[in-house]
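Working notes for the structure below.
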Amino acid sequence: MENKKIIIGGAMAAATIIPLSIITLKTLLFSSKQQDKILDDDRSHVFSSKSPLELASRLSEAVKIPTVSHENETQTDHKHMLQFHALLREYFPLCHARLAPITINGGSLIFQWEGQDKTKLPVMMYAHMDVVPADNPDSWSHSPFSGDIADGFIWGRGTMDDKQQVMSILEAAEELLANNHQPKRTIYFAFGHDEEIGGHHGANFISQWFTERGIKFEYTMDEGLVILKGPGAFPAIDKDIALIGIAEKGELTLELSLKTEGGHASMPPKTTAIGQLAKAITKLEENQHKPSFLGCGLMLDYLGRDCKFPVKSIMANLWLFGRPIFTFFSNVPTLNSMIRTTTAVTMIDGGVKSNVLPKSARAIVNHRIAPHDTVDSVIARDRSIINDPSIEIKIKSKQEPSKVSDPTAPGYKVIHHTILSLFPNTLVSPGLMVAKTDSPWFYHLSKNVYRFNPLICYKGDTSRIHGIDERISVDNYHKHENWTTLF
């Protein structure tokens, strides 16, 4: 309520010096961009012949195989990925018999489904088979690799990220193959095996395989944004909202470090290595990046048109009311991540004993780079803010922000129409993917890279991804599979 007062209060103050007629006219012209068209090609007659519980039990078995990717790759047990491959062969015999799967670099998979029209560019549906570790398993309501089906949910690591996507794609293909369906254009299914640690051994090699064969795509679709359950998913909107990722933030991980002489804690200098590094960290946190609508402007344009008054009027006049919108978004972490490059200090260490001055200190800073910034501009800004030549800044990893895919292209429309076919009365909008996916490996293969996952998420559910009590409802997974069949 307080944040809403900030928006409306700031907006009304600015409006006093602008002719009300201009604001009114722009609001009246700010009509909905929502489409009511559903798919022309109705494939609902080949929705899964399996019951929701049967589908759930098969995903449950997939979750029980702990295909965990560890940052320290020596801890990753590759036999689990091979066990998962065996499960896929058992569950999807038609896919393996007719779609000629290829194993890439010992762990990833590519399936090719020949289309009717060879003159059309193919499309690629991508997902990953690995999962993150499940820390604090005793804190889970159900063991993270139990695959328990309870209280209407399938519980366990991978139910939201991203085994449900792998299984859903193959469940849909298996059903369609059983009905002798052939797609209009060729479809590739590609499944990586190390997305959670960067995709260097999986998606990277998948990308090389396509590149070596000169294969380009009309569009690709990866994991990504979800269906947010309303009301409350967006200010002044009561409906569910489906967001299709048309862009992805970049990523930059930096190591800040410095070395000092050390010594005995009884004779300390004014500032120790840890204190000096803490000052640098504080400067970074207190000087957040400037906001911009470049990354989320299309989302505000699409959703703002369906907001209730007076928020609709504010969204129609961002040229005037941008400042209060930035203030509101800045106070909500999920919205703040859409308008600026973010800064998160994620690791710190230094010192070996309570009475010994540290000889060194080290911190890790993770930036998620908005489309209006670059890797170089973020590093330069950090150096300027820290303004301490004794602190060394090293790049640990980097990825530039993606280009923006076309929300009017045929691929986007297919995703949009498929959503409406299975989730009617849902608002659909382009969005910005703020987390990291394997999509950057495929940027050179298609100009349109989309990111969408038909997960229905209530408030707080997104924290389950990589968190505690990851789960998907039995009903949602059933709809997930049917959505993929329609797609």
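The structure presented is a predicted model; accordingly, all values stated were derived computationally and were not measured.
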Practice item. Go through the steps for R340 and D373 under the test salt bridge (Lys or Arg N to Asp or Glu O under 4.0 Å), then give the verdict. Key: CA-CA 9 Å; R340 58 165 45 91; D373 287 325; over 6 Å; no
**Study point:** Aromatic contact, W483 with F452 (centres under 6.0 Å)
**Key:** yes
Are any side-chain N or O atoms of [X] and backbone N or O atoms of [Y], one a donor and one an acceptor, separated by less than 3.5 Å?
| X | Y | value |
| --- | --- | --- |
| N204 | H200 | yes |
| S405 | V449 | yes |
| D117 | T119 | yes |
| E255 | A363 | no |

Check your understanding: When Y126 is tested against each of F191, W441, F442 for ring-ring contact (aromatic ring centres under 6.0 Å, His included), which residue passes?
Key ->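 Among the candidates, only F442 passes.
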Review point. Given side chains that start at C-beta, do those of P407 and Y302 come closer than 4.5 Å, heavy atoms only?
Key: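 Yes, their side chains come closer than 4.5 Å.
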Exercise for review: Flag the pair P410 / Y219 as yes when at least one side-chain heavy-atom distance between them is below 4.5 Å, and no otherwise.
Suggested key: no
Taking atom types as modelled, is there a side-chain donor on [X] or [Y] under 3.5 Å from an acceptor on the other?
| X | Y | value |
| --- | --- | --- |
| T484 | S168 | yes |
| D222 | S439 | yes |
| Q112 | T186 | no |
| T418 | S421 | no |
| T343 | H367 | yes |
| H480 | N453 | yes |
| S49 | E175 | yes |

Donor-acceptor contacts, no H, no angles, side chain residues 223-233, under 3.5 Å, sequence neighbours left out:
residue	atom	partner	partner atom	Å
E223	OE2	H128	NE2	3.1
K229	NZ	D240	OD2	3.1

**Study point:** Derivation of the salt bridge (Lys or Arg N to Asp or Glu O under 4.0 Å) call for K436 and E248
**Key:** CA-CA 7 Å; K436 190 176 181 182; E248 183 171 324; over 6 Å; no
Exercise for review: Indicate the ring-plane relationship of F111 and F189, choosing parallel, tilted or perpendicular according to the 30° and 60° boundaries.
Suggested key: tilted
Check your understanding: Where is the tightest heavy-atom contact between P133 and S69, given as atom of each residue plus distance?
Key ->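 Heavy-atom minimum between the residues: CD-O, 3.7 Å.
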Exercise for review: Any pair with a residue in residues 422-434 that passes side-chain hydrogen bond (donor to acceptor under 3.5 Å, both in side chains), sequence neighbours left out, goes on the list, sorted by first then second residue, please.
Suggested key: none
